[in-house]
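Below is one structure, written out as structure tokens; the observations come after it.
Every value quoted in this text rests on a predicted model; they were computed, and no experiment measured them. So that the names make sense, note that chain A is the first sequence line, chain B the second, and so on, each numbered from 1.
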Amino acid sequence: MDIGDILALCKRRGFIWPSYEIYGGVAGMYDYGPNGTAMKNDIIGSWRRLYLIGEGFVEIDSNTIGPEAVFKASGHLDEFSDAIVTCQGCEQSFRADHLVDGMHPNPDSLSLDELQAVLIENGVVCPDCNGKLSDVGEFNLMFKTVIGPGSGRVGYLRPETAQGIFVNYPNLLWFVRGRLPFGTIQVGKGYRNEISPRQGVIRLREFNMMEAELFIDPKDKTWPRFDDIADQKLSLVPQDGIERTVTVKEAVEEGIIANQALAYFVWLTRRFLVGVGVDPSRLRFRQHLSTEMAHYACDCWDAEVELAIGWTEIVGIADRGCWDLSSHADHSKTDMSFFRKFDEPVEMEVDRIRVNFKSLGPRFKGQAKSIATALEAGDPSDVIDGIITVTVDGVDHKVNSDCFEVIRVRDKVTGERFIPHIIEPSYGLDRIIYTCLEHAYCKDGEGYIALKLAPSVAPIKVGVFPLMGKDGLDDMAQDIDRSLRDLGIRTSYDDSGSIGRRYARMDEVGTPWCVTVDYDSLQDGTVTIRYRDTKEQTRIPSSDVPSRVSTMLREGLLTWADPLSINK
RNA sequence: GCGACCGUAGUCUAGUGGUUAGGACUGAGGCUUCCCAAGCCUUAAGCCCGGGUUCAAAUCCCGGCGGUCGCACCA
């Protein structure tokens with residue numbers, strides 16, 4: 001079985017279709033067909049239930065286009081942008097800023113034109129074959145666009161949904177009435193102009209994400225529900241690369257996972273993934289090496305699943321520290337700090353700078369006021385040899401001691417300000433959907449295909465068939481179909497072809513149960529219910545069908561007799 | 001982005017310059033007291049796109065798009 005088998009089934013049965021196929025398709029873009037969309041919605045629903053209802057998070061829905069400043073602050077503009085030159089001889093590509101290393105004090109800061117100039121000045125040629133290099137071109141992984149008519153404002157399609165939550169932090173904090181910790185989720189599209197998208201839906205240019213952002217006090221990363229799950233087991237691959245199974249509690253106590261909150265969401269992620277049908281024996285959590293961790297992250301764990309293409313990341317759970325909020329606070333000049341009250345106010349003696357306006361005024365004239373403000377906010381320990389340097393509008397001013405004095409004052413401090421930390425579980429929805437499909441895919445020696453999907457995510461929950469489409473069997477089957485639909489259960493009524501063909505059709509789209517009305521049904525009111533995974537059938541009164549199906553669906557049971565729940 | 005290989009109904013496939021592009025499965029309609037893709041009848045559906053060579057192109061050439069793999073890039 002390879003990725004092609006799955007994609008062929010996905011296409012044939014309406015799960016996933018290449019986008020714009022009639023125009024030849026576009027690499028890295030796929031559409032969800034009716035069955036894929038149903039599954040996607042179920043997976044999102046199951047995720048929302050865990051975060052919104054289970055953990056009390058709130059959900060927002062922010063824009064997918066953002067102005068340049070947002071991505072300057074988020075780091076994506078720098079991190080996702082490279083200046084590229086290509087050798088005209090051997091066709092290899094190189095990072096222009098890497099080639100001028102040592103020829104300029106700060107290659108990172110150069111524009112494309114400046115990089116071009118440095119390359120020419122230094123006569124740089126291809127490091128491999130000494131060939132002539134092309135002009136410097138820009139490659140940005142973000143899709144660029146223009147906001148408004150004319151040249152307008154530069155905008156980008158978001159490369160992740162998270163920034164929409166970070167920039168709304170002040171609104172969110174107000175909404176939750178100023179208490180930490182609190183969590184926010186968002187489900188939506190992200191866009192990355194991948195150089196070579198491959199492997200079906202694993203690397204897409206337009207993709208679906210489900211992201212949660214937990215805002216938390218850096219001094220208290222405990223989690224209230226931690227004790228409830230402390231004894232649950234996790235399969236972890238820490239930085240040393242040695243896989244081990246430990247309890248959630250041990251993972252934190254032994255310092256394998258940095259803190260309770262992070263460990264809790266690793267566990268919650270496991271529960272979610274197994275619940276939607278990821279095979280637990282092909283799921284592990286791997287810690288990022290310090291070299292692969294984003295520059296801001298304190299600790300990061302990936303949920304990885306084993307697919308035909310190898311172990312693949314489908315969820316990342318990162319402790320991002322205060323990086324995001326600090327950066328947005330700096331760039332937007334908005335206060336994003338949180339005030340933590342001390343249990344008891346602290347009284348202490350501190351040194352302060354007091355300005356002497358009699359000297360300061362005449363010396364700095366019109367700038368005196370802004371310099372005074374900077375002085376008073378300054379740190380007395382920065383005074384060196386009676387001189388302190390303050391920066392106003394980017395200009396340094398040396399201020400002599402005759403313009404200020406350092407005084408000791410008694411101060412009552414009721415609390416302190418800090419930037420909350422963020423713990424981010426980020427789920428690649430497309431990869432999760434694909435994993436559910438691949439892990440459910442079964443093909444026997446005769447080529448018979450069944451998708452053993454978890455009932456909770458199956459696009460069709462029940463197939464309803466009359467053995468023959470006549471003699472009143474059809475009417476009775478229609479009634480059963482209606483009674484299930486009235487409960488909000490997705491069904492498929494089918495009276496075409498042979499009964500075996502109809503079962504096969506349902507097996508291929510992962511329908512867990514089929515109900516068949518036969519001639520006995522007309523006599524005694526019973527029908528057969530057939531279980532996908534065992535192919536067993538039992539007769540039950542037709543009036544029991546809706547309640548039995550609802551119960552199995554709610555409990556995650558595959559068959560009525562089997563107490564094994566795939567959610568446990 | 002570069003290189004190699006590849007592209008015929010939904011799927012698999014026959015067709016190496018010359019009839020109306022053939023078959024199987026699937027799909028749709030019908031028959032059959034039909035419980036695991038049975039059988040019978042009917043039927044729909046295809047040469048990736050564009051240009052060139054030629055009297056004639058699915059077939060040869062060029063370009064594009066897409067796919068697989070490798071390299072590079074990225075996370």
Side-chain angles (χ1 to χ4, degrees), chain A residues 2-5 7-14 17-30 33 76 79-95 98 128 134 137 139-142 159-160 190 192-200 202-203 205 207 288-289 291-295 297 300 302 309 312-313 316 318 426 428 431 444 446-450 463 465-473 494-508 514-523 527-532 534-539:
Chain A
D2 64 23
I3 204 160
D5 290 332
L7 287 177
L9 172 68
C10 283
K11 179 159 184 212
R12 195 162 23 124
R13 292 301 186 184
W17 294 326
S19 297
Y20 311 110
E21 208 178 4
I22 61 167
Y23 289 101
V26 180
M29 296 190 185
Y30 286 87
H76 288 105
E79 294 292 313
F80 275 18
S81 264
D82 291 322
I84 299 276
V85 287
T86 307
C87 172
Q88 293 173 351
C90 67
E91 306 281 1
Q92 282 202 77
S93 293
F94 303 95
R95 294 262 303 262
H98 288 179
D128 264 24
S134 70
F139 187 79
N140 193 321
L141 225 49
M142 283 195 293
E160 60 176 17
R192 293 184 191 182
N193 203 1
E194 294 284 353
I195 298 174
S196 59
R198 275 178 199 180
Q199 294 164 325
I202 297 301
R203 248 177 130 185
R205 291 197 164 117
F207 53 98
H288 275 206
L289 304 174
T291 50
E292 68 183 327
M293 212 149 7
H295 54 284
C300 185
D302 282 347
I309 55 166
T312 305
E313 172 195 351
S426 172
R431 291 181 176 191
D444 69 15
E446 285 153 12
Y448 190 92
I449 294 170
F465 313 141
L467 193 61
M468 303 283 286
K470 58 181 185 181
D471 300 334
L473 297 179
D494 191 354
D495 63 2
S496 77
S498 75
I499 190 75
R501 174 167 303 195
R502 287 177 259 166
Y503 287 142
R505 216 180 258 146
M506 287 293 102
D507 283 347
E508 219 175 64
C514 293
V515 171
T516 302
V517 174
D518 58 20
Y519 284 92
D520 289 348
S521 308
L522 298 176
Q523 306 302 317
V527 294
T528 60
I529 181 164
R530 178 244 191 203
Y531 303 102
R532 177 193 67 204
T534 60
K535 294 192 175 179
E536 284 171 342
Q537 291 185 34
T538 52
R539 281 202 91 82

Indicate, yes or no, whether a donor-acceptor pair under 3.5 Å links the base of B/rC35 to the side chain of A/Q537.
yes
Within the side chain of A/R502, is there an N or O that forms a donor-acceptor pair under 3.5 Å with the backbone of A/D494?
yes
Is A/E313 touching bases, backbone alone, or none of the nucleic acid, heavy atoms closer than 4.0 Å?
nothing
The nucleotide from B/rC35, B/rA28, B/rG10 with an atom nearest the side chain of A/R12 is B/rG10
Is A/G497 touching bases, backbone alone, or none of the nucleic acid, heavy atoms closer than 4.0 Å?
base
What's the closest nucleotide to the side chain of A/R502 if the choices are B/rC34, B/rC35, B/rC71?
B/rC34
Give a yes or no on whether the backbone of A/L473 and the side-chain of A/D471 come within a donor-acceptor separation of less than 3.5 Å.
no
Compare the minimum distances between each of B/rG66, B/rA37, B/rC35 and the side chain of A/A27, then state the nucleotide with the smallest one.
B/rG66
Under 4.0 Å from OP1 or OP2 of B/rC31: is there any side-chain N or O of A/K470 that close?
no
Checking B/rC35, B/rG29, B/rU32 against the side chain of A/S496 (C-beta onward), the nearest is B/rG29
Nucleotide of B/rC35, B/rA37, B/rC2 approaching A/S498 most closely (side-chain heavy atoms):
B/rA37
Nearest of B/rA38, B/rC34, B/rC71 to any side-chain atom of A/R501?
B/rA38
Taking any heavy-atom pair under 4.0 Å as a contact, classify A/Y448: base, sugar-phosphate, or nothing.
base
I'd like to know if A/Y23 reaches the base of B/rC49 with its side chain, counting only an N/O donor and acceptor under 3.5 Å.
no
Looking at the side chain of A/R530, which of B/rA38, B/rC36, B/rC35 is the nearest nucleotide?
B/rC36
Using modelled atom types and a 3.5 Å cut-off, is there a donor and acceptor pairing between side-chain atoms of A/R203 and backbone atoms of A/G28?
no
Of the nucleotides B/rG1, B/rC35, B/rU33, which one has an atom closest to the side chain of A/Y519?
B/rU33
Using a heavy-atom cut-off of 4.0 Å across all strands, would you classify A/D518 as base, sugar-phosphate, or nothing?
base
Look at the side chain of A/R192 against the base of B/rC74 and say whether a donor-acceptor pair falls under 3.5 Å; ignore hydrogens and angles.
no
Out of B/rA28, B/rC36, B/rC74, which has the shortest distance to the side chain of A/R203?
B/rC74
So A/R205 and A/S19, side chain to side chain donor-acceptor pair (under 3.5 Å) or not? Walk me through it.
CA-CA 11 Å; A/R205 291 197 164 117; A/S19 297; over 6 Å; no
Ion pair check, A/D507 and A/R530, cut-off under 4.0 Å:
yes
I want to verify a distance call: between B/rG70, B/rC34, B/rA28, whose nearest atom is closest to the A/L467 side chain?
B/rC34
Looking across every strand, which nucleic acid part, if any, lies under 4.0 Å from A/L141 by heavy atom: base, sugar-phosphate, or nothing?
sugar-phosphate
Just to be sure I understand the rule, does A/R505 reach a base, reach only the sugar-phosphate, or reach nothing, if contact means heavy atoms closer than 4.0 Å?
sugar-phosphate
Pick the C1' atom in B/rU59 and in B/rG18, then give their distance to the nearest Å.
12 Å
